[in-house]
Amino acid sequence: MTAENSNVFVESEFAPLRTMVVSRSEFRAPDSEAFLGHSMPVEKSAVEILGAVWGREFGEVYPDMQKAWEAERDELAAVLLRYGVQVLRPRVFTEVEKESAGPGGYANFFVRDPWFTVGEHVIEGVLQFPHRRMEVLASRDLLLERVMPSGARYVSLPQPEKSPLGHPGAGPFLEGGDVLVLGREVFVGHSGMATNDLGVAWLSKYLEPFGYTVTPVALPAHVLHLDCAIGLVREGLLIACPDRLPDGLPPTLRDWEQIDVTEDEAAAMATNGLPIDSTTYITDAEFTRVGAELRARGITVEFLDFSVSRLFGGAFRCTTQPLLRAD
């Protein structure tokens with residue numbers, strides 16, 4: 001199957017965006033940090049804010065920020081619609097699902113991670129953080145409606161074994177924030193906090209018979225996902241944080257023009273913008289320097305305030321998941 005005869009296909013990170021899923025804004029924190037297994041990968045400014053929500057819904061503690069958070073996603077959806085992109089939204093969790101989450105909490109806020117699309121392949125992953133493991137359910141109806149009738153392949157990873165509190169187990173773990181698509185090469189980050197070696201091996205075993213190369217990219221232990229270290233803007237141009245790439249860029253990307261960001265900028269999500277196509281890019285109004293660098297290279301930059309979303313350790317790429325991105 002090719003992009004021309006499918007409504008589900010992702011050619012690359014910057015191919016023209018046709019259909020995009022935009023996240024909801026639901027979060028009920030676990031009862032304690034012991035449920036996580038890792039510290040939450042958030043900005044320093046967010047530690048105190050999120051520290052007040054253990055065992056509670058974010059909107060219960062911060063109703064005004066909850067409204068602002070929802071408005072950020074609605075504004076992003078409006079910008080995408082203005083550029084002719086079809087926008088889909090996951091549903092919110094049911095009361096039964098919320099109750100079943102128990103003391104481990106739940107999250108339905110970054111649709112990039114629980115499933116992802118590579119070419120004609122839609123893959124449900126497995127998340128390490130227990131409070132995010134049922135996040136895929138919010139997209140399941142959408143996937144059944146859009147992917148099942150299409151010619152796309154629809155698969156999922158094996159579910160992880162049960163493990164003691166605070167220990168994720170062996171996995172495999174594979175999260176969409178770690179997966180960057182560039183034609184037939186797929187870059188997969190692994191820091192130990194999200195995707196692990198077994199997840200990379202599973203993806204390689206699955207995709208290689210279809211002509212894909214899976215390239216692992218090492219990340220430091222404090223970096224959640226690859227899109228928190230690298231952002232592909234267009235062919236030959238990327239944004240990257242050298243401090244978050246201990247082995248440097250993957251060989252395919254080493255001759256690309258690179259806009260560098262600092263560790264502090266990367267922690268604030270400076271690499272986590274969103275190309276609408278190879279000439280248009282969305283980023284936070286916080287990143288005026290990065291925006292100026294992009295504009296100097298002929299890129300149209302749309303600035304949006306995503307300050308609440310960034311509290312949770314993600315931004316525009318994390319908030320979205322393409323179903324159709326192709327010429």
Side-chain angles (χ1 to χ4, degrees), residues 13 22-23 25 27 29 36 38-53 58 62 64-66 68-73 75-76 79 107 109-113 129 132 175-178 180 189 191 193-194 217 219-233 237-246 249 258-276 280-297 299 301-321:
E13 296 298 312
V22 175
S23 296
S25 304
F27 178 53
L36 298 180
H38 304 285
S39 60
M40 290 187 72
V42 297
E43 289 186 82
K44 294 176 183 177
S45 61
V47 173
E48 183 176 348
I49 292 172
L50 296 180
V53 301
F58 183 78
Y62 301 111
D64 290 342
M65 275 200 285
Q66 176 69 33
W69 191 21
E70 294 171 6
E72 288 176 1
R73 272 71 193 282
E75 186 176 2
L76 173 59
V79 170
F109 55 23
F110 287 135
V111 72
R112 177 65 60 167
D113 301 325
F129 283 112
R132 297 195 62 193
E175 308 194 5
D178 274 321
L180 301 183
S191 67
M193 197 189 305
V217 183
L219 299 169
H222 71 284
V223 177
L224 181 60
H225 291 135
L226 183 58
D227 61 12
C228 302
I230 301 174
L232 306 185
V233 179
L237 177 64
L238 59 82
I239 301 169
C241 177
D243 290 343
R244 292 186 163 203
L245 297 167
L249 288 167
Q258 181 173 330
I259 299 172
D260 285 348
V261 297
T262 66
E263 169 63 32
D264 286 345
E265 287 174 318
M269 298 291 115
T271 65
N272 203 262
L274 179 70
I276 295 177
T280 313
Y281 189 85
I282 301 173
T283 192
D284 197 290
E286 173 80 8
F287 306 122
T288 54
R289 183 189 68 81
V290 173
E293 294 270 12
L294 291 169
R295 284 174 166 168
R297 291 162 175 81
I299 304 293
V301 180
E302 292 276 358
F303 287 109
L304 294 177
D305 179 0
F306 238 50
S307 55
V308 181
S309 298
R310 290 190 294 112
L311 290 174
F312 295 89
F316 300 98
R317 188 175 191 273
C318 295
T319 296
T320 55
Q321 183 62 254

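Nothing here was measured: the structure is a model prediction, and the numbers come from that model.
- Note: I230 CD1 to D178 CG = 10.5 Å, rounded to the nearest 0.5 Å.
- Counting all heavy atoms, side chain and backbone alike, E265 lies closest to F287 at O-CE2, 4.0 Å.
- Side-chain atoms of I259 and V233, non-hydrogen and from C-beta on, never get closer than 4.5 Å to each other.
- In this structure, E302 CD and T283 OG1 are separated by 11.5 Å, a value rounded to the nearest 0.5 Å.
- Distance check: I276 CD1 to I282 CD1 gives 4.0 Å after rounding to the nearest 0.5 Å.
- When all heavy atoms are compared, the tightest approach of A267 to R244 is CA-NH2, 3.4 Å.
- Pairing each heavy atom of R317 with each of G273, the nearest pair is CB-O, 3.7 Å.
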Working for side-chain contact (heavy atoms from CB on, under 4.5 Å), residues L311 and F27:
CA-CA 12 Å; L311 290 174; F27 178 53; over 6 Å; no
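- With sequence neighbours excluded, no residue forms a ring-ring contact (aromatic ring centres under 6.0 Å, His included) with Y281.
- A donor-acceptor pair under 3.5 Å links the side-chain atoms of D113 to the main chain of G177, judged by distance alone.
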Would L238 and L249 count as a side-chain contact (heavy atoms from CB on, under 4.5 Å) here? Give the steps.
CA-CA 10 Å; L238 59 82; L249 288 167; 4.3 Å; yes
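- The ring-ring contact (aromatic ring centres under 6.0 Å, His included) test applied to F58 returns Y62, W69, F312, not counting sequence neighbours.
- Between the side chain of R132 and the backbone N or O of F110, at least one donor-acceptor pair lies under 3.5 Å.
- Without hydrogens or angle criteria, N272 side chain to C318 main chain gives a donor-acceptor distance under 3.5 Å.
- Of the listed residues (D227, V79, D284, V22), just one forms a side chain to side chain contact (heavy atoms under 4.5 Å, CB included) with F316, and that residue is D284.
- Between T271 and C241, the shortest heavy-atom distance links the atoms CG2-N, 4.4 Å.
- Contact record, E72 with S307: OE2-N, 3.1 Å, taken as the closest heavy-atom pair.
- Under a 3.5 Å cut-off, the side chain of R310 and the backbone N or O of A315 do not form any donor-acceptor pair.
- Between atom OG1 of residue T280 and atom CG of residue L274 there is a gap of 10.5 Å, rounded to the nearest 0.5 Å.
- Side-chain atoms of E286 and F303, non-hydrogen and from C-beta on, never get closer than 4.5 Å to each other.
- Note: L219 CG to M193 CE = 9.5 Å, rounded to the nearest 0.5 Å.
- The minimum heavy-atom distance between T320 and S23, with the atom names listed, is N-OG, 4.4 Å.
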With side-chain contact (heavy atoms from CB on, under 4.5 Å) as the criterion, how do T262 and D243 come out once you've worked through the C-alpha distance, each side chain's angles and the decisive distance to 0.1 Å?
CA-CA 7 Å; T262 66; D243 290 343; 5.8 Å; no
